[in-house]
J.: 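I have a structure I would like to understand better, so I am pasting it below and will then ask my questions one at a time.
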2 protein chains.
Amino acid sequence: MADELRHRMMSGAIPPGSLLPSEATLMAEFSVARGTVREALALLRAEGLTVSEKGRGTFVRPVLPVRRLGSERYRAELEQVRRGELGTSFTVDQRVDWSSYTLDKEFREVPAADPAAELFGVTPGTMLLERRFVFRTHGVAQQMSTSFLLLSMVADTPVADPANEPWPGGNTSQLHSLGYDITAVREQVVARMPLPDEKDTLRIPGGVPVVAITRQTYVDEMVVEVADIVVPGDRVRLDYLIHLT
Amino acid sequence: MADELRHRMMSGAIPPGSLLPSEATLMAEFSVARGTVREALALLRAEGLTVSEKGRGTFVRPVLPVRRLGSERYRAELEQVRRGELGTSFTVDQRVDWSSYTLDKEFREVPAADPAAELFGVTPGTMLLERRFVFRTHGVAQQMSTSFLLLSMVADTPVADPANEPWPGGNTSQLHSLGYDITAVREQVVARMPLPDEKDTLRIPGGVPVVAITRQTYVDEMVVEVADIVVPGDRVRLDYLIHLT
DNA sequence: CAGTGGTCTAGACCACGCT
DNA sequence: GCGTGGTCTAGACCACTGT
């Protein structure tokens with residue numbers, strides 16, 4: 001039954017965004033009990049093909065606009081900063097004005113625990129500034145991130161003050177203002193299903209994975225920032241250009 | 001109920017790889033009907049936290065070894081080829097001997113359809129050599145890929161002969177043998193749930209996404225190869241190093 | 001063989017959306 | 001108020017795994 005419905009959707013017989021037959025209708029069409037219908041629909045939902053809304057119906061998932069997170073954004077951002085322009089890697093990707101998004105922020109001073117400590121190459125316990133961000137456009141959350149900076153590097157600077165966020169020019173610009181010009185970025189990417197809190201704040205429907213990026217920002221051999229970035233998998237395409245010469 | 005069980009797993013009360021209480025036991029413990037128990041377990045399965053086996057039980061998903069697909073592999077591979085050594089990007093990642101894996105292969109000559117044609121920058125209809133591969137280690141499929149080459153470039157060469165696969169030195173070496181030394185690679189990455197056939201051949205359990213990589217291999221400004229690579233999300237970590245200088 | 005998960009039926013009540 | 005999906009109960013038979 002799930003196969004049959006999947007076929008109808010793939011072949012376009014039930015176009016994206018449209019309503020599937022109701023559970024009662026499917027019971028009649030396939031001559032099965034409601035539990036069986038619901039099992040089939042649960043499968044399609046877990047595959048990310050449909051979304052169900054209480055009191056409305058089950059919809060074929062519409063094709064969503066896809067953001068692009070690319071390696072080139074760092075190069076573009078660096079250029080901007082050097083030219084003294086504004087923008088953040090978030091807005092450079094989105095190609096939206098840097099003022100058109102909102103930011104939830106939460107700053108804490110924490111001792112380095114193990115994943116972060118190792119990525120920084122410092123001994124656990126070293127004090128870090130932890131900054132949590134939720135980026136929103138048009139009011140909907142698009143990205144969650146947790147960024148770590150060495151506290152010794154930013155204490156008593158404007159960077160450590162949440163009131164200065166969103167910072168025009170973003171991370172690259174912040175580090176620049178501290179006297180650090182980034183020379184390399186390392187990104188490690190995994191795909192996994194969202195945790196319950198990620199599912200909530202990013203409003204991720206069933207059957208949609210997230211892309212989790214662990215980013216290390218380098219100035220020569222030194223790691224000056226570590227960040228964990230989580231984005232819904234149906235809304236991003238990562239784009240990396242690797243020069244071999 | 002799903003929350004409670006998730007907590008027990010996260011906190012280590014039910015360690016990875018171990019058996020969850022049976023459905024009958026859970027019915028008794030939570031005083032609910034079997035359907036309710038099964039709904040909770042279906043949720044955990046969709047989240048990728050558990051796997052169920054008929055006649056055995058439901059297990060907490062064990063932590064799997066993670067392969068690394070990195071940007072550095074292309075640099076390493078290029079070095080190898082220049083030194084005249086063997087290896088493929090697959091074996092360089094895995095750090096296994098190039099002879100320890102097996103390969104399913106299937107070659108066809110096809111006219112360029114739209115995604116591939118656009119990625120090559122050629123007019124649709126241009127003839128391509130399509131090569132489908134399934135990489136296996138220890139008998140289990142680890143990666144599916146479809147690679148396209150311009151037929152005009154490879155017709156009547158050893159590269160177009162399936163009997164020469166697996167080719168020692170891999171793709172980079174094949175292109176080298178044709179007189180092309182690759183200068184850049186572009187990878188576009190998306191995360192999504194597996195299609196039914198991917199789920200089958202890669203034996204992907206419920207709740208595990210795949211990472212799909214669209215790769216363009218460049219010699220200067222020319223695209224000489226296009227490949228679609230699909231790997232189970234719970235078995236890979238992509239690692240990109242971006243130099244900004 | 002007993003115990004497990006996989007599948008299915010036939011009811012029921014609820015919360016929500018729309019008209 | 002009616003139709004929708006969300007949740008739940010109380011049964012049933014099957015296929016598979018282990019001993």
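The structure displayed is predicted, hence computed values, not measured ones. The analysis underlying the following values was restricted to heavy atoms, covering all of them including side chains, and did not include hydrogens, waters or symmetry mates. So you know, we letter chains A, B, ... as the sequences are listed, proteins then strands, and number each from 1.
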J.: Side chain of B:Glu23, heavy atoms from C-beta onward: which of C:dG6, C:dC18, C:dA15 has the nearest atom to it?
T.: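 Side chain of B:Glu23 sits closest to C:dG6.
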
J.: Could you tell me how far apart B:Met27 (CE) and C:dG3 (P) are, to the nearest whole angstrom?
T.: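 It is 15 Å, rounded to the nearest whole Å.
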
J.: Reckon B:Ser22 has a side-chain N or O less than 4.0 Å from the OP1 or OP2 of C:dT4?
T.: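 Yes, B:Ser22 has a side-chain N/O under 4.0 Å of OP1/OP2 on C:dT4.
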
J.: Which nucleotide sits closest to the side chain of A:Arg38: D:dG6, D:dG18, C:dC18?
T.: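 My answer, after comparing the listed nucleotides, is D:dG6.
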
J.: Mapping A:Arg56 and B:Gly55 onto DNA chain C by nearest heavy atom, which one lands closer to the 5' end?
T.: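 Comparing both residues, the 5'-ward one is B:Gly55.
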
J.: Just to be sure I understand the rule, does B:Thr50 reach a base, reach only the sugar-phosphate, or reach nothing, if contact means heavy atoms closer than 4.0 Å?
T.: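 Here B:Thr50 touches no strand at all.
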
J.: Please walk me through it: do B:Glu47 and B:Arg6 pass salt bridge (charged side-chain N to carboxylate O under 4.0 Å, His left out)?
T.: CA-CA 10 Å; B:Glu47 289 174 3; B:Arg6 197 185 296 111; 2.8 Å; yes

J.: Between C:dG5 atom P and B:Glu53 atom CD, what is the distance in whole Å?
T.: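 It works out to 11 Å between those atoms.
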
J.: Classify the ring geometry between A:Phe133 and A:Phe107 as parallel (under 30°), tilted (30 to 60°) or perpendicular (over 60°).
T.: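 The rings of A:Phe133 and A:Phe107 stand perpendicular, inter-plane angle above 60°.
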
J.: Report which part of the nucleic acid B:Ser31 touches: base, sugar-phosphate, or nothing (heavy-atom distance under 4.0 Å, all strands).
T.: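 Sugar-phosphate contact only - B:Ser31 comes under 4.0 Å of backbone atoms but never of a base.
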
J.: Do the side chain of A:Ser147 and the main chain of A:Arg131 share a donor and acceptor less than 3.5 angstrom apart?
T.: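 Not at all, since once roles are kept as given, no pair shorter than 3.5 Å links the two residues.
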
J.: Side chain of A:Thr36, heavy atoms from C-beta onward: which of D:dG5, D:dA12, C:dT9 has the nearest atom to it?
T.: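 Of the candidates, C:dT9 comes closest.
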
J.: Below 4.0 angstrom from OP1 or OP2 of D:dT9, is there any side-chain N or O of B:Arg34?
T.: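 Looking at the OP1 and OP2 atoms of D:dT9, neither is under 4.0 Å from any side-chain N or O of B:Arg34.
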
J.: Without decimals, in angstroms, what is the distance between B:Leu26 CG and C:dG5 C1'?
T.: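 So the two atoms are 12 Å apart, to the nearest Å.
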
J.: Would you give the length of the straight line joining atom CG of B:Leu43 to atom CE of B:Met1, rounded to the nearest 0.5 angstrom?
T.: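 B:Leu43 atom CG to B:Met1 atom CE measures 11.0 Å (nearest 0.5 Å).
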
J.: Of the nucleotides C:dC18, D:dT9, C:dC8, which has the atom closest to the A:Glu39 side chain?
T.: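 Looking only at heavy atoms from C-beta outward on A:Glu39, the closest nucleotide is C:dC8.
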
J.: Scan B:Leu44, B:Leu5, B:Leu41 and name whichever one has a side-chain contact (heavy atoms from CB on, under 4.5 Å) with B:Thr50.
T.: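 Output: one option passes, namely B:Leu44.
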
J.: From the set D:dG6, C:dG17, D:dT9, return the single nucleotide nearest to any side-chain atom of A:Ser52.
T.: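 The answer is D:dG6.
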
J.: Looking only at side-chain atoms of B:Lys54, point me to the closest of D:dG5, D:dT9, D:dA15.
T.: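 The nucleotide sitting nearest to the side chain is D:dA15.
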
